[in-house]
2 protein chains.
Amino acid sequence: MPTKTYHIGVEATMEIIGGKWKSIILCHLRHQTMRTSELARAIPQISQKMLTQQLRELENADIVARHVYKQVPPKVEYSLTDYGESLSGILHELCVWGENNIDRREAAGEEITLLNRDDV
Amino acid sequence: MPTKTYHIGVEATMEIIGGKWKSIILCHLRHQTMRTSELARAIPQISQKMLTQQLRELENADIVARHVYKQVPPKVEYSLTDYGESLSGILHELCVWGENNIDRREAAGEEITLLNRDDV
DNA sequence: TGCCCTACCCACCAAAAGGTAACTATTAGA
DNA sequence: TCTAATAGTTACCTTTTGGTGGGTAGGGCA
């Protein structure tokens, strides 16, 4: 396999938390362990396919852990790994900065809404 | 215009610094004002088109400022706005976390290289 | 028997993001 | 007159990302 090359640290970070869904998923898992259906309810805009696909990728990066309960109907829980917890501070700041950005744009007259300002 | 709706703060943040190039550009501008050609040299993988396109979008979001010098050949400088500076801490952490991530993956046996560990 | 539940997989399609290459303007200077 | 220099645009194409709608497993229960 050819050596993977990065030019600057942030490239690697963005490869892991970038894209439309990963940071949102991680922000939810930051507060609690959640099962698949709970995540789907917390992120109503995401499709089944994207949810599991993104969770798989986060699992492969050792950011989230997947716990399968052997029962029927199935029960699967996701949580941050210890390593994933090292992103917690960053995720919090990303949430807060975004909330402020939305306030700012609203103050500037933009039609804009933030449904959940639940970040602790 | 229909009201733009976000479900969680991080969505707004990612809309601004997400994508393949924006966070890289911002990490460079965090340390210094740079002209277009300097940015292009600092980010050799980026194309002309992407560089100006992403800079325009960052300008529209009031994150970077564009200073045009009236001379020939043209000279244009980019820098973070005061508001853009509010991202500086986050950008730094994204760089550092990525550097650690690369170290971690290298320690785990992955063929991986980081060319510039120049974040201050 | 037949249907429910949950998680998740697949095939297929649409849209967004990004890449390439060729072109512009303008003036100094050979 | 011709070229170099810088920043930028445009048309066209490829790749990546995301969405839809279908299907699976397998035990519980009416």
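Chain identifiers are assigned alphabetically (A, B, ...) following the order of the sequence lines, protein sequences preceding nucleic acid strands; residue numbering begins at 1 within each chain.
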Checklist outcome for this item: The reported gap from OG1 in B:Thr113 to NE2 in A:His7 (rounded to nearest 0.5 angstrom) is 10.0 Å
Next on the checklist: I need the B:Leu55 CG to B:Leu29 CG distance, nearest 0.5 Å.
Outcome noted: 7.0 Å
Checklist entry - Is it true that a side-chain atom of A:Thr81 and a backbone atom of A:Asp62 form a donor plus acceptor pair closer than 3.5 Å? => result yes
Checklist entry - Are A:Ile90 and A:Val64 co-members of a hydrophobic cluster defined by side-chain heavy atoms under 4.5 Å apart? => result yes
Checklist entry - Tell me: CE of A:Met50 to P of D:dT16, nearest whole Å? => result 14 Å
Checklist entry - Where along residues 14-22 of chain A does a heavy atom fall under 4.0 Å from DNA chain D? => result A:Lys20, A:Trp21
Checklist entry - Could you state the CD1-P distance from B:Ile46 to C:dA17, rounded to the nearest angstrom? => result 15 Å
Item to check | Whole-Å distance separating the NZ atom of B:Lys75 from the C1' atom of D:dA7 | outcome: 14 Å
Item to check | Between P of C:dG18 and CG of B:Leu51, the distance in whole Å | outcome: 13 Å
Checklist outcome for this item: Ranking C:dA7, D:dA7, C:dG19 by distance to the side chain of B:Gln48, first place goes to D:dA7
Item to check | Length of the CD-P vector between A:Gln45 and D:dG18, whole Å | outcome: 13 Å
Item to check | SB check B:Glu110 A:Lys4 (cutoff 4.0 Å) | outcome: no
Checklist entry - Are side-chain N/O atoms of B:Asn116 and A:Tyr6 paired as donor and acceptor at under 3.5 Å? => result no
Next on the checklist: For residues 33-44 of chain A, which residue pairs pass the side chain to side chain donor-acceptor pair (under 3.5 Å) check, not counting sequence neighbours?
Outcome noted: none
Checklist entry - Closest to the A:Tyr78 side chain: C:dC8, D:dG8, C:dG19? => result C:dC8
Checklist entry - If you group Ile, Leu, Val, Met, Phe, Trp and Tyr by side-chain heavy-atom gaps below 4.5 Å, do A:Ile63 and A:Leu91 land in one group? => result yes
Protein and nucleotides 10-15 of chain C: nitrogen or oxygen contacts under 3.5 angstrom:
none

Item to check | Base versus backbone protein contacts along nucleotides 25-30 of chain D [heavy-atom cut-off under 4.0 Å; B, S, -] | outcome: -BB---
Item to check | With A:Lys75 via side chain to side chain donor-acceptor pair (under 3.5 Å) - residues at least two apart | outcome: none
Checklist entry - Under a 4.0 Å heavy-atom cut-off, which of residues 53-61 of chain A touch DNA chain D? => result A:Gln54
Next on the checklist: When you compare the side chains of B:Arg105 and B:Asn101, does any donor N or O come within less than 3.5 Å of an acceptor on the partner?
Outcome noted: yes
Checklist entry - Between A:Thr13 and B:Leu94, is there a donor-acceptor pair closer than 3.5 Å when you use the side chain of the first and the backbone of the second? => result yes
Checklist entry - What distance do B:Cys27 atom SG and B:His92 atom NE2 have between them, rounded to the nearest 0.5 Å? => result 10.0 Å
Next on the checklist: Side-chain N or O of B:Arg35 versus OP1/OP2 of D:dA7: is the shortest distance under 4.0 Å?
Outcome noted: yes
Next on the checklist: For B:Asn60, I'd like to know if atom CG has over 12 heavy atoms of other residues, nucleotides or ligands within 6.0 Å.
Outcome noted: yes
Checklist entry - Are OP1 or OP2 of C:dT6 and a side-chain N or O of A:Arg41 less than 4.0 angstrom apart? => result no
Checklist outcome for this item: A:Met34 atom CE is separated from C:dA7 atom P, nearest whole Å, by 11 Å
Item to check | Sugar-phosphate only, base, or nothing, as touched by B:Ser47 at under 4.0 Å among non-hydrogen atoms | outcome: base
Checklist entry - Is there a path from B:Ile16 to B:Leu26 through hydrophobic residues (I, L, V, M, F, W, Y) whose side chains come within less than 4.5 Å of each other? => result yes
